[in-house]
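Notes for the one structure printed next.
Residue numbers begin at 1 in each chain, while the letters A, B, ... track the order of the sequences. As the structure is a prediction and not an experimental result, all values here were calculated from the model.
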Amino acid sequence: MTLADSSPQPQPQISAPDAEEAKRARTRRIEKTAKWVLPFAMAILAIVLWDRIVVWNEIPHYILPSPARVWDSLTGDWDILWDAALLTGRITILALGLAVLGGAGLAILFNQSKMLELSFYPYAVILQVTPVVSIAPLIFIYVDSKIAGMLLCAWIVAFFPVLSSTTLGLNSVDHNLRDLFRIYGANRWQRLTMLQLPSALPYFLGGLKIAGGLSLIGAVVAELVAGTGGIGSGLAFRIQEAGYRLNIARMFAALSLVAAMGVMIFAALSIFSHLMLRKWHESALSREG
Amino acid sequence: MPLPAIDQRSPVLRMANVDKVFGGVVQALSGMSLNINEGDFISLLGPSGCGKSTALRLLSGLLSPTAGRIEWAGGYQKGDLGVVFQEPTLMPWATVGKNVSLPFRLRGKSQKAVQAEVEEALALVGLEGFEDSFPRELSGGMKMRVSIARAMVTRPRLILMDEPFAALDEITRFKLNNDLLALKERIGCTVVFVTHSVFESVFLSDRIVVMAARPGRVIREVQVAAPYPRDEVFRTSADYAAYCRQASEALQDAMEAA
Ligand SMILES: Nc1ncnc2c1ncn2[C@@H]1O[C@H](COP(=O)(O)OP(=O)(O)OP(=O)(O)O)[C@@H](O)[C@H]1O
Ligand SMILES: [Mg+2]
């Protein structure tokens, strides 16, 4: 068979493993493209369907606005929505920062002192399992500053995953490594910084990803409970307000911003986590083949 | 330098009549005595569960004896030892260089200050140039070499090894056995080596301490008088076969005694 011979004749006998390998490579390529293309295709399909349903059924816009109307609201009310997004975003990020400090800090304290852990861990759990919506009204009675109150609400929701996953991480040190440190006479500080904290890092980062989503939820709930007053209004308040006015299009517009914010936080934290671990951790390995 | 005969070497560490009972019920060791002398290569050989690891953990100070005494000979510091476990036990987040320098860093020295020692230790185990690699980039045998480099980087008097090569394939194991003997010759340390393998213990050691289980105790000591350095010639010699037979018989006795 010559090279020029390109007619679809029986292929030259290639060995089975190669065929298998080529097939697997093709599947991988297809999946890689599909990972991006499919969600987009689904979104477009859903929007088109949504539009058709609204038009065909002549649904009034104060019940279900068409996608075009939502887009108009998003661009038309951009100034209001953008300000709202900035406020909510700021609260969320601040709360996440405090959750990291508080959660990881408490985890380290609890790890260093069994007595502290025994005394306070149960209350951390209680704080976590009590729904924040039911604590929030009380918080706003006792905390004068709206911002501080909102931060506190968001923090209460977000700190626990950081605390519990970091605690687990600090206790998950390989026991042989722990022995090794003992044999070489490591002190407490060395054990913490050179052994426990690095071991806990992947766990901490897992908790951080959860906390990112939760601090957004906390911020939104806090806004709904706090209402407006003095400090401008966040996205959640805008959603509520638009609802009272039957401005459903703006509700959708604000909602899409909240969702976008959540996705962005998750993506940012995922990238951060990958960067921290890519050199050594199993979860971040990009294996050849 | 040729070592003095076994009975003339100066003592390093001594176990005298040591009992170890776990949780008040499990008698892991009973009346175990062992004299470790300068330059010895001692293998602890015995069936699974006979207390070899327990003995090693007692020697390293990780456990304390229920009864009996463990004494370092005068002039030796308690912490003057290196350890190698069955798993390489490397810190996955640290480079090979940082892993090897760990014993120094735990004594308050900076990575920079011990750079020369780290490079030398890596060269001794045949891993020059791998300083900046991470453990996951290495094969099982290479990880074990890093672990050995870490154990000897401080030039300790005593190195304790708990089945360090058990998880490796035979070819790698032979290679590492040869290298370990060469290393010992170079730095002149004392080694206590736990193993399941009769062949490995004969090839490596000058004293094989055979242990029996339930309760863990020393049954017999086999002396391997073959001179070092040992190599493939020794591995195929009649002497080697004879020592293996002797050690196997002792192990057989140990199994029957249990
Ligand atoms: N921390 C512990 N608590 C309770 N029992 C233990 C503990 N460590 C070891 N033992 C018991 O002591 C005995 C000896 O254990 P050891 O690990 O020393 O055996 P070994 O000779 O090293 O066995 P192997 O060859 O399988 O590693 C076993 O019966 C084991 O169950
Ligand atoms: Mg063992």
Cut-off 4.5 Å, heavy atoms of chain A, and the answer for B:R57 is side chain

Counting heavy-atom pairs under 4.5 Å with chain A, the top scorer among B:R150, B:K98, B:E137 is B:R150

Turns out that what part of A:L201 lies under 4.5 Å from chain B's heavy atoms comes down to neither

If one checks every heavy atom of A:D174 against chain B at 4.5 Å, the contacting part turns out to be side chain

For B:R145 and B:K143, indicate whether the former's side chain and the latter's backbone hold a donor-acceptor pair under 3.5 Å.
-> no

Cut-off 4.5 Å, heavy atoms of chain A, and the answer for B:L102 is side chain

With chain B, the option among A:P198, A:S199, A:A186 that has the most non-hydrogen atom pairs under 4.5 Å is A:P198

Q. Are B:E200 and B:T195 linked by a side-chain donor-acceptor pair shorter than 3.5 Å?
A. yes

Carboxylate-amine/guanidinium proximity below 4.0 Å for B:R207 and B:D40:
yes

Should the ring pair B:F193 and B:F165 be called parallel, tilted or perpendicular, given that the plane angle runs from 0 to 90° and is split at 30 and 60?
-> tilted

- Message: Less than 4.5 Å apart, side chain to side chain, heavy atoms only: is that true for A:R24 and A:E21?
- Response: yes

